[in-house]
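This report concerns only the one structure given below.
These figures come from a predicted structure and were not determined experimentally.
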Amino acid sequence: MYVKARAIRTQSPLDAAVATPLVAALMLSFGLTSAAPADEQVATPVQVVALDECDPATFNAVVGPDFCKNVALAFVAPFATTLADLFAKAAAGAPDPSWDFEPDSLRIKQGTPLIVVNQGGEPHTFTPVANFRGGFIAGLNGGQAAVPECAAGFKDVAVARTRILQGSQLQVAGLTKGEHHFQCCIHPWMRVTVKVD
């Protein structure tokens, strides 16, 4: 909302004494204030990036058209990972390191928001969990049970709200002091630990 201010000419000290509180009250009623107090600072967000190297041909043939939108190095071998290789590596307990959150751990001050950007080719989640374990796709869990926070998959609104589509971002704010764990409920080896001071 924009409010055009008009100069008020005062004729006497009494007029000034009435006008100043009146202008202040009007500014507050319209949500207008002067500059923020010096001790109130806006925290600069910290970025976390979700990465993967899905192979569009094999992922899209199974999951559906345009599921994998990897345009970076997808057509250059050996950078792209086929869907079969992704499952095979996870089952062997050596999940593909190209599926990752960067950084894996960070320390922030309370009040600092996180901006999680998906620069990969397929969707991910950035779901808060009490402890790291498996996600909702058993074949990618490497034998681990699913964490309770991920078990229901996208049927759980709390998980669905943490989904980050390709090229989009998610903001996480209001973290309390202490240690917080986040993982992708689809690719559970994608994990971040955030320490809040």
Side-chain angles (χ1 to χ4, degrees), residues 47-106 114-172 175-176 178-196:
Q47 184 175 1
V48 175
V49 178
L51 300 167
D52 67 68
E53 288 297 339
C54 63
D55 169 55
T58 59
F59 275 72
N60 295 344
V62 174
V63 185
D66 291 330
F67 177 81
C68 172
K69 298 178 181 177
N70 189 348
V71 294
L73 297 170
F75 301 105
V76 181
F79 295 108
T81 301
T82 66
L83 184 62
D85 283 347
L86 183 71
F87 275 85
K89 289 176 181 180
D96 193 313
S98 295
W99 271 251
D100 193 22
F101 285 125
E102 284 296 328
D104 297 326
S105 64
L106 55 110
L114 301 177
I115 302 291
V116 187
V117 180
N118 185 352
Q119 292 182 356
E122 65 168 311
H124 299 285
T125 76
F126 194 73
T127 309
V129 296
N131 297 294
F132 294 128
R133 283 202 320 250
F136 63 79
I137 299 176
L140 294 176
N141 287 344
Q144 293 185 327
V147 293
E149 298 89 343
C150 292
F154 292 127
K155 293 177 186 174
D156 183 344
V157 174
V159 173
R161 286 184 181 150
T162 67
R163 179 172 38 195
I164 319 162
L165 299 176
Q166 306 90 320
S168 67
Q169 64 183 25
L170 174 77
Q171 182 170 342
V172 178
L175 293 177
T176 58
E179 191 170 274
H180 301 268
H181 304 291
F182 296 89
Q183 78 175 50
C184 178
C185 286
I186 305 165
H187 317 95
W189 62 92
M190 296 177 66
R191 299 172 175 178
V192 176
T193 298
V194 181
K195 292 182 180 176
V196 181

* Asked: Where do T127 and T162 land on the side chain to side chain donor-acceptor pair (under 3.5 Å) test, with the steps shown first?
  -> CA-CA 6 Å; T127 309; T162 67; 2.8 Å; yes

Measure the spacing between [atom1] of [X] and [atom2] of [Y] and express it to the nearest 0.5 Å.
| X | Y | atom1 | atom2 | answer |
| --- | --- | --- | --- | --- |
| F182 | L170 | CZ | CG | 9.0 Å |
| H180 | L175 | NE2 | CG | 4.5 Å |
| N60 | D66 | CG | CG | 6.5 Å |
| Q183 | W189 | CD | CH2 | 11.0 Å |

Looking only at heavy atoms, which two atoms of [X] and [Y] are closest? And how far apart?
| X | Y | result |
| --- | --- | --- |
| F59 | T81 | CE1-O, 3.2 Å |
| C54 | A80 | O-CB, 4.4 Å |
| E122 | W99 | OE2-NE1, 2.8 Å |
| I186 | P123 | CD1-O, 3.7 Å |

Side chains of [X] and [Y] in contact at under 4.5 Å (non-hydrogen atoms):
| X | Y | result |
| --- | --- | --- |
| T125 | F154 | yes |
| L86 | L140 | yes |
| C185 | R163 | no |
| V192 | L114 | no |

* Asked: Do Q144 and F132 pass the side-chain contact (heavy atoms from CB on, under 4.5 Å) test, and can you show the C-alpha distance, the side-chain angles, and the key distance before you say yes or no?
  -> CA-CA 10 Å; Q144 293 185 327; F132 294 128; over 6 Å; no

* Given side-chain contact (heavy atoms from CB on, under 4.5 Å), test V48 with L106 step by step and report yes or no. => CA-CA 9 Å; V48 175; L106 55 110; 3.8 Å; yes

* **Step-by-step side-chain contact (heavy atoms from CB on, under 4.5 Å) determination, I137 to F87** => CA-CA 10 Å; I137 299 176; F87 275 85; 4.0 Å; yes

* Verdict with reasoning, H187 to D52, per side-chain contact (heavy atoms from CB on, under 4.5 Å) -> CA-CA 10 Å; H187 317 95; D52 67 68; 6.0 Å; no

